[in-house]
Amino acid sequence: MTKLYSRIRGEGFSVLILHGLFGSSDNLGSVATALASKFKTHAIDLRNHGRSFHREEMNYELMAEDVIEYMNDQGIDIAYVLGHSMGGKVAMSLALHQQKRIKAVIVADISPVRYEGHHDEIFAGLFALLESDIVSRKEADSLLAEFVPEQGVRQFLLKNLKAKPGGGFDLKVNLNAIHQNYHHILDGQHAEKPFLGEVLFIAGEASDYIQAAHKEKVVSLFPFAKVRIIPKASHWLHAEKPETFIGICERFLTGID
């Protein structure tokens, strides 16, 4: 199989860093760089994202298998894993189904539950970009603004633009496959046995992705889970409060036996 693309920094015990939907290894680059002072960080592009391979199939079982293959290729027997949003669900799937390979987990602003879909406008905007004849990033931003009014979200999404050799732009993400498998991306995590290692959930105070109603499901799968809340942070907590987020991650990982 084609290998996952990654950015590797530092030396020491490996920390696998997994981005969210429509993202890439760049999104958590500052986190990977900071943690590289104490660990060997692997910021990974998941399938159908960034510079990694495109496939029609996409679900958490397959994405977890991709990461295990990456670990095998890198000679990593066991690792810490940190994931944001969709990447957090991949991290949880790894911990639950590859328990001997994962020592501890950090889950950023996501729970192991099924969510209702809420990306219709983003899909519409990105498909509009694919079908357009835009010749500049400014044009792309103007077109996307018709669907996505939040400038910060547009800036995040427009990181997927890549110039085509003959002019114009394409997208790094495999938009068709992501759209066709979106119902799988919304899925929650399930397992016959809980993960008995240490797990830290980091939530943004202004985000509703981690709710009190999720506690029973979280504890059933991760009985030793802890939760930290970052004040005045939304779902993009690692970008809005980077120093706080990185500090929480460092203290958690360096405190594991």
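The model shown is predicted, which means the values in this text are computed figures rather than measured ones. The figures that follow rest on heavy atoms only: side chains count, while hydrogens, waters and symmetry mates do not.
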For a quick check under 3.5 Å, do Ser234 and Glu240 share a side-chain donor-acceptor pair by atom type?
yes
May I ask you to check whether Arg55 and Asn181 show a side-chain donor-acceptor distance below 3.5 Å?
no
Could you walk me through whether Phe156 and Phe22 pass the ring pair (Phe, Tyr, Trp, His ring centres under 6.0 Å) test, one step at a time?
CA-CA 8 Å; Phe156 163 73; Phe22 304 120; 7.5 Å; no
side-chain contact (heavy atoms from CB on, under 4.5 Å) between Leu4 and Glu69, intermediate numbers included
CA-CA 9 Å; Leu4 292 175; Glu69 182 176 349; over 6 Å; no
Looking at side-chain heavy atoms only, is the closest gap between [X] and [Y] below 4.5 Å?
X: Ile110; Y: Ile210; value: no
X: Val107; Y: Ile202; value: no
X: His179; Y: His119; value: no
X: Asn174; Y: Glu56; value: no
X: Phe39; Y: Thr254; value: yes
X: Ile102; Y: Leu96; value: no
X: Ile8; Y: Lys40; value: yes
X: Lys172; Y: Lys159; value: no

Go through the steps for Trp236 and His84 under the test side-chain contact (heavy atoms from CB on, under 4.5 Å), then give the verdict.
CA-CA 9 Å; Trp236 309 99; His84 171 247; 4.0 Å; yes
How long is the gap from [atom1] on [X] to [atom2] on [Y], to the nearest 0.5 Å?
X: Lys38; Y: Glu250; atom1: NZ; atom2: CD; answer: 4.0 Å
X: Glu198; Y: Phe224; atom1: CD; atom2: CZ; answer: 9.0 Å
X: Arg47; Y: Glu57; atom1: CZ; atom2: CD; answer: 7.0 Å
X: His49; Y: Leu18; atom1: NE2; atom2: CG; answer: 11.5 Å
X: Leu126; Y: Phe147; atom1: CG; atom2: CZ; answer: 9.5 Å
X: Ile44; Y: Ser52; atom1: CD1; atom2: OG; answer: 8.0 Å

Shared ILVMFWY cluster between [X] and [Y], side chains joined below 4.5 angstrom?
X: Ile185; Y: Met92; answer: yes
X: Phe53; Y: Leu16; answer: yes
X: Leu21; Y: Val148; answer: yes
X: Ile17; Y: Tyr60; answer: no
X: Ile78; Y: Leu196; answer: no

Would a distance-only check, ignoring hydrogens and angles, find a side-chain to backbone donor-acceptor pair under 3.5 Å from [X] to [Y]?
X: Thr41; Y: Ala32; value: yes
X: His235; Y: Asp208; value: no
X: Ser132; Y: Leu129; value: yes
X: Ser111; Y: Val113; value: no
X: Asp45; Y: Arg51; value: yes

Take atom CD1 of Ile229 as the centre, draw a 6.0 Å sphere, and report whether it contains more than 12 heavy atoms from other residues, nucleotides or ligands.
no
Would you say that more than 12 heavy atoms from the other residues, nucleotides or ligands in this model lie under 6.0 Å from the CD of Glu150, or not?
yes
Taking all non-hydrogen atoms of both residues, which atom of [X] and which atom of [Y] are closest, and how far apart?
X: Pro194; Y: Pro223; value: CB-CD, 3.7 Å
X: Asp77; Y: Arg101; value: O-NE, 2.7 Å
X: Ala91; Y: Val81; value: CB-CG2, 3.7 Å
X: Ala233; Y: Lys241; value: CB-CG, 4.0 Å
X: Phe245; Y: Leu82; value: CZ-CD2, 4.4 Å
X: Ser25; Y: His19; value: N-CD2, 3.9 Å

Go through the steps to decide whether Val90 and Asp66 satisfy the test side-chain contact (heavy atoms from CB on, under 4.5 Å), and finish with yes or no.
CA-CA 10 Å; Val90 178; Asp66 293 342; over 6 Å; no
Begin with the C-alpha distance, continue with both residues' side-chain angles, and end with the deciding distance and a verdict on side-chain contact (heavy atoms from CB on, under 4.5 Å) for His97 and Glu65.
CA-CA 10 Å; His97 301 292; Glu65 288 176 358; over 6 Å; no
Ring-plane angle category for Phe222 and Phe195, please: parallel below 30°, perpendicular beyond 60°, tilted otherwise.
perpendicular
When you measure from the centre of the six-membered ring of Tyr115, is the NZ or CZ of Lys89 under 6.0 Å away and within 45° of the axis?
no
Hey, is Arg154 close enough to Asp141 for a salt bridge, meaning N to O under 4.0 Å?
yes
